[in-house]
Amino acid sequence: MTGVSFDFAGVLTGQPGQWLLSGFLMTIYVTVVGALLATLLAVLLLGLRIAPLAPARGLAIALVELFRNTPILVQFLFWYFAAYNLLPRSFRDYITAEHPWAVLPVGNVLLAPEFIAAAWGLGVFTAAFLAEELRAGLNAMPRGQKEAALSQGFGHWETLRFVLLPQALANSWQPLVTQYLNLMKLSSLASAISLAELTYQVRQVESYNAHAFEAFAVGTVLYLLLGLVLGQLLIVFGPKPVGARARRRAVKANRSATAAAIVGASGDA
Amino acid sequence: MTTFTTWDIVRNLLLATQWTILLSLVAFVGGGVAALLALLARTSQNRAARRLAVFYIELFQGTPLLMQLFLFFFGLSLVGVNVPPWLAAALALILWTGAFLAEIWRGCVEAIPRGQWEASSSLAMSYFEQMRHVVLPQALRIAVPPTVGFSVQVVKATALTSIIGFVELSKASTMITNATFQPFVVYGFAALIYFALCWPLSKSSQLLERKLNVAHRNH
């Protein structure tokens, strides 16, 4: 066997380079849109989950269990091949029509069925996890916090809005960041519904000039890089734990935990 | 044109589910062995062994499973080894599962108070005797709920192997959809089958956690 030689110029320049760049940007777009959607849906789910109405709670539990206990790949396939076709004809025509404003640099199109199904799928799946992390943060709050707020004349909603949620958010920020980073990594599975993101383009390069190892190596490094940057941004600009002791603990934990959070060490798929 | 009844669809999905279950078991058992080896190396006195274990764990936890599957499937054929999809799927899933279980179990081993190590070493036990007779029996109780919980992720992860062409539940769903043009029914049932596999595991993990509640017993 002759030695294996590597040709990284073959994947970083010319057409393959263009593909990888466009795929990398698409991964960023779908991650951002998916994360925003996930945040919005998580707040809704949390609201249902802690509502005083039993049927609302039941619905939230059922949705969370359903999305957490099925593979996201199957959810993607479901949204893209089955659910999307149930949308009104006029809406689908609008999506597939040409929209110059929805074309981003390097030719990525946002208003496409693949993009919508992928962002929606990522959003719904991650929302189920985010809602549970937030609820765990709420449950970890000492009872005294709620009692003190109620005795100060806060209503139920105000207690939640001004006292409980800010603390819960700060305390569960670390696992929340892990979930957002997991969303970024899971966007790689959207290649199965032909969203032209990084993994899709890596495979395209592989079948174009058979530079399998180089393409996968570049892809892996790009994911790792994106995870590092995204993780640092979320931790630096995210809420800080409340109280001096919690802050000290967080700073100490940060040194080791950032590394774990950054690579998104959650195996959920 | 042939018509397909709903039963045809469900029956074929259930046939494919066998492979999902088999692959999950192989990944879980194989991953357990890999995790045990990684755990011993990770907690050993030998510096090189610890480094190697950390490298293995971070490599497999830090990159997408899909990339790992591709590396085993396409990467090994690059050096002239022909790997069938089932072998690449099994190898990648075993190593991926091992990396996660190793870290879960390390947490459980480290939850054992240091006094237990000190007491057993003052009784002249070797590292393996300490592990075998003192630490692991106690760590095992703490480890059961998170391990069962992780098995859910293993079952869900087997769906990714459909992308490299291993015919399990997800791949079968796509194939059946292509034949029947009934994506709603097919993917709906596929999701239900996954749910039927995973939900009991999730629930029992929660129940075990509540029942054993060993982590907080000494407080």
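Letters go in sequence order (proteins before strands), and every chain restarts at 1. None of these values were measured; they are calculated from a predicted model.
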Could you check if a side-chain atom of [X] sits within less than 4.5 angstrom of a side-chain atom of [Y], using non-hydrogen atoms only?
X        : Y        : value
A/Glu65  : B/Phe195 : yes
B/Ile163 : A/Leu73  : yes
A/Val74  : B/Tyr194 : yes

Would the number of heavy atoms belonging to other residues, nucleotides or ligands and lying under 6.0 Å from [atom1] of [X] be above 12?
X        : atom1 : answer
B/Arg11  : CZ    : yes
A/Arg57  : CZ    : yes
B/Asn82  : CG    : no
A/Trp173 : CH2   : yes
B/Trp117 : CH2   : yes
A/Trp19  : CH2   : yes

Structural part of [X] lying under 4.5 Å from a heavy atom of chain A:
X        : value
B/Thr174 : side chain
B/Thr177 : neither
B/Leu160 : both

Please walk me through it: do A/Leu77 and B/Ser173 pass side-chain contact (heavy atoms from CB on, under 4.5 Å)?
-> CA-CA 9 Å; A/Leu77 295 173; B/Ser173 309; 5.6 Å; no
Segment of [X] engaging chain B (4.5 angstrom heavy-atom cut-off):
X        : answer
A/Leu66  : both
A/Tyr223 : side chain
A/Arg68  : backbone

Which one, A/Ala82, A/Pro71, A/Ala83, A/Ala210, leads in non-hydrogen pairs under 4.5 Å with chain B?
-> A/Pro71
When A/Ile72, A/Val202, A/Thr220, A/Leu186 are compared by non-hydrogen pairs under 4.5 Å with chain B, the top option = A/Thr220
For the ring pair B/Phe184 and A/Phe81, is the centre-to-centre distance below 6.0 Å?
-> no
Examine distances only and state if a side-chain atom of A/Lys185 and a backbone atom of B/Leu65 form a donor-acceptor pair shorter than 3.5 Å.
-> no
Take B/Phe70 and A/Glu206 through the side-chain contact (heavy atoms from CB on, under 4.5 Å) test and state the conclusion after the steps.
-> CA-CA 11 Å; B/Phe70 285 156; A/Glu206 193 260 334; over 6 Å; no
Where is the tightest heavy-atom contact between [X] and [Y], given as atom of each residue plus distance?
X        : Y        : answer
A/Thr70  : B/Ala191 : CG2-O, 3.1 Å
B/Leu66  : A/Ser191 : CD2-OG, 4.1 Å
A/Thr199 : B/Met67  : OG1-CE, 4.1 Å

